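Nothing here was measured: the structure is a model prediction, and the numbers come from that model.
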Amino acid sequence: MTTLPPGPSAPRFLQAAYALTHPRRGIPRMRERFGDSFTINVPTFGRALVISDPAEIKQLFLSGPEVADKMDRNLGRVLGPGSIFALVGEEHRRQRKLLTPPFHGRRLAAYERIVEEETEREVATWPHGEAFATLPSMTRITLNVILRAVFGAEGAEFSELRELLPRLINLGSWLAVLPLPRGGIGWRRFWALRRSYDAIVERLISKIDGLDDRDDILAMMLQSRYDDGSAMSHRDIADQLLTLLAAGHETTATTLAWAVERLRRHPSLLRELVDEVDSGGSTLLDATILEVQRTRPVIDFVGRQVRADGFRLGRWTVPKGYVVLVSIGLLHDDDSVFPNARTFDPYRFVGVRPDLYQWIPFGGGVRRCLGAAFATMEMNVVLRTILRDLTLAPTGEPAERWRSRGVANAPAKGGRAIVHRRTARTSSASRRTDASTTP
């Protein structure tokens with residue numbers, strides 16, 4: 001017997017239009033009206049259950065793939081059948097096992113210098129004393145890092161991918177969320193770009209000579225073997241490389257722009273962070289990154305689709321085929337989970353590891369983002385380098401609004417900043433500037 005909570009009764013297209021035009025307003029209002037769980041009906045997902053109760057979220061994430069697994073309509077539609085977003089069951093497990101090692105331990109530490117070099121190169125071009133949007137710069141940094149660390153690209157291929165991939169990912173992000181016909185002009189443009197991308201990857205593979213001397217993830221994929229000794233196909237490698245880019249490039253860049261937006265509005269925290277960076281510490285910076293992701297999650301939902309005949313999820317019995325959406329924003333804004341949740345307070349995470357069933361910017365369960373550790377390292381190095389080399393001017397301006405970019409939600413003004421060159425490693429006491437603090 002199906003048991004589901006109520007939800008809005010408006011036609012599907014009206015619910016979709018409202019969700020697209022008011023992404024940060026509609027879901028909180030539904031919670032106010034219907035409670036922490038409700039049903040929606042939108043074109044991309046159809047009828048879906050939205051949940052934000054921590055116990056139900058944990059149960060969903062711990063459920064096996066035979067009960068609830070990836071949604072039929074997800075990024076796998078644009079990333080390819082070999083993408084980890086498209087795989088299910090044993091194939092998904094085998095692929096994750098191959099892809100996990102490059103993102104941990106010694107391999108991860110080897111990429112820090114690449115991130116620092118790309119950040120130094122980019123911030124050297126920033127104007128001093130005038131306002132500018134940081135999101136384009138953060139996007140260039142994360143793209144170049146991906147090209148070097150993941151693709152091992154250089155020379156002509158580096159330039160070609162740097163020009164092609166933003167267009168491919170931007171178009172794919174919209175195609176993933178909009179119910180457009182597969183034969184339409186948008187999809188035809190996407191597949192043309194995808195063919196160009198596949199050709200470049202094939203050229204990169206053909207140029208590799210001496211896999212043991214390389215640290216990039218493409219080389220590691222070529223060396224990796226499944227349990228039966230077989231290698232990944234070149235098509236699957238191309239799908240996975242595109243997946244790593246799509247999942248980690250835009251979302252990381254957007255979070256970095258939000259970090260700038262948040263820090264400028266909290267001058268006392270900014271001063272403490274500069275002092276910490278100057279002294280070689282990282283505790284408060286680590287906590288700040290966690291809090292930026294909690295208060296400004298760039299993704300709205302984590303989804304699963306019910307595969308069992310009936311799934312008893314907490315108070316609800318969900319029928320087969322139904323989509324269950326975890327609202328990241330509702331969970332992160334819940335005062336019972338994070339006291340004073342609307343307040344930007346990195347100190348809540350100082351010396352505290354977040355519960356990964358409650359703090360979920362990277363999703364959760366067996367489908368938690370593979371590149372979470374890489375993204376965290378990248379954000380730490382980028383912010384540390386900026387604070388080390390530049391003075392970020394505080395502001396009393398209102399917080400920037402949210403703007404949808406298809407998959408990710410970005411600051412509407414691009415995380416605007418005003419910076420000045422630091423001429424010496426002085427203490428923050430000499431740089432104190434009065435500015436109001438906003439939540």
TODO: Would you indicate whether Arg225, at its atom CZ, is surrounded by more than 12 heavy atoms from other residues, nucleotides or ligands within a distance under 6.0 Å?
DONE: yes
Measure the [atom1]-[atom2] distance between [X] and [Y] for me, rounded to the nearest 0.5 Å.
| X | Y | atom1 | atom2 | result |
| --- | --- | --- | --- | --- |
| Leu242 | Ile237 | CG | CD1 | 13.5 Å |
| Thr119 | Asn144 | OG1 | CG | 10.0 Å |
| Ile386 | Leu256 | CD1 | CG | 7.0 Å |
| Thr283 | Glu272 | OG1 | CD | 12.0 Å |

SB check [X] [Y] (cutoff 4.0 Å):
| X | Y | answer |
| --- | --- | --- |
| Glu397 | Arg416 | no |
| Asp36 | Arg31 | no |
| Arg388 | Glu116 | yes |
| Glu91 | Arg96 | no |
| Glu56 | Arg315 | yes |
| Arg121 | Glu117 | no |
| Glu122 | Arg140 | yes |
| Lys58 | Asp53 | no |
| Asp69 | Arg367 | yes |

- [ ] Output, in order, the C-alpha distance, side-chain angles, deciding distance and verdict of side-chain hydrogen bond (donor to acceptor under 3.5 Å, both in side chains) for Asp300 and Asn409.
- [x] CA-CA 8 Å; Asp300 289 320; Asn409 293 312; 2.8 Å; yes
TODO: Check ring pair (Phe, Tyr, Trp, His ring centres under 6.0 Å) between Tyr347 and all other residues, then give those that pass, not counting sequence neighbours.
DONE: none
Open item on the list: For the residue pair Arg294 and Phe338, would you count it as a cation-pi contact if the rule is NZ or CZ under 6.0 angstrom from the ring centre and within 45 degrees of the ring axis?
Closed with: yes
TODO: Give a yes or no answer on whether the side chain of Thr134 reaches the backbone of Gly415 with a donor-acceptor pair at less than 3.5 Å.
DONE: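 Confirmed, Thr134 side chain pairs with Gly415 backbone.
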TODO: Determine yes or no for a side-chain-to-main-chain donor-acceptor pair under 3.5 angstrom, with Glu157 supplying the side chain and Ile200 the backbone.
DONE: no
Open item on the list: Does Ser282 form a side-chain hydrogen bond (donor to acceptor under 3.5 Å, both in side chains) with Asn380? I'd like the steps, not just the answer.
Closed with: CA-CA 8 Å; Ser282 183; Asn380 186 293; 3.1 Å; yes
Open item on the list: Checking Thr343 against Asp345 for the side-chain hydrogen bond (donor to acceptor under 3.5 Å, both in side chains) test, could you report, in this order, the C-alpha distance in whole Å, the side-chain angles of both residues, the deciding distance, and whether it holds?
Closed with: CA-CA 6 Å; Thr343 301; Asp345 178 19; over 6 Å; no
With a 3.5 Å cut-off and sequence neighbours excluded, list the donor-acceptor pairs that the side chains of residues 351-362 form with protein atoms.
{"unit_1": "Asp355", "atom_1": "OD1", "unit_2": "Tyr357", "atom_2": "N", "d": "2.8"}
{"unit_1": "Trp359", "atom_1": "NE1", "unit_2": "Leu290", "atom_2": "O", "d": "3.0"}

Open item on the list: I need the single residue from Leu330, Asp333, Ile328, Leu325 that forms a side chain to side chain contact (heavy atoms under 4.5 Å, CB included) with Ile27. Which is it?
Closed with: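 Among Leu330, Asp333, Ile328, Leu325, the one that satisfies the side chain to side chain contact (heavy atoms under 4.5 Å, CB included) with Ile27 is Leu330.
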Task: Aromatic plane relationship, Phe190 with Trp187 - under 30° parallel, 30 to 60° tilted, over 60° perpendicular - done: perpendicular
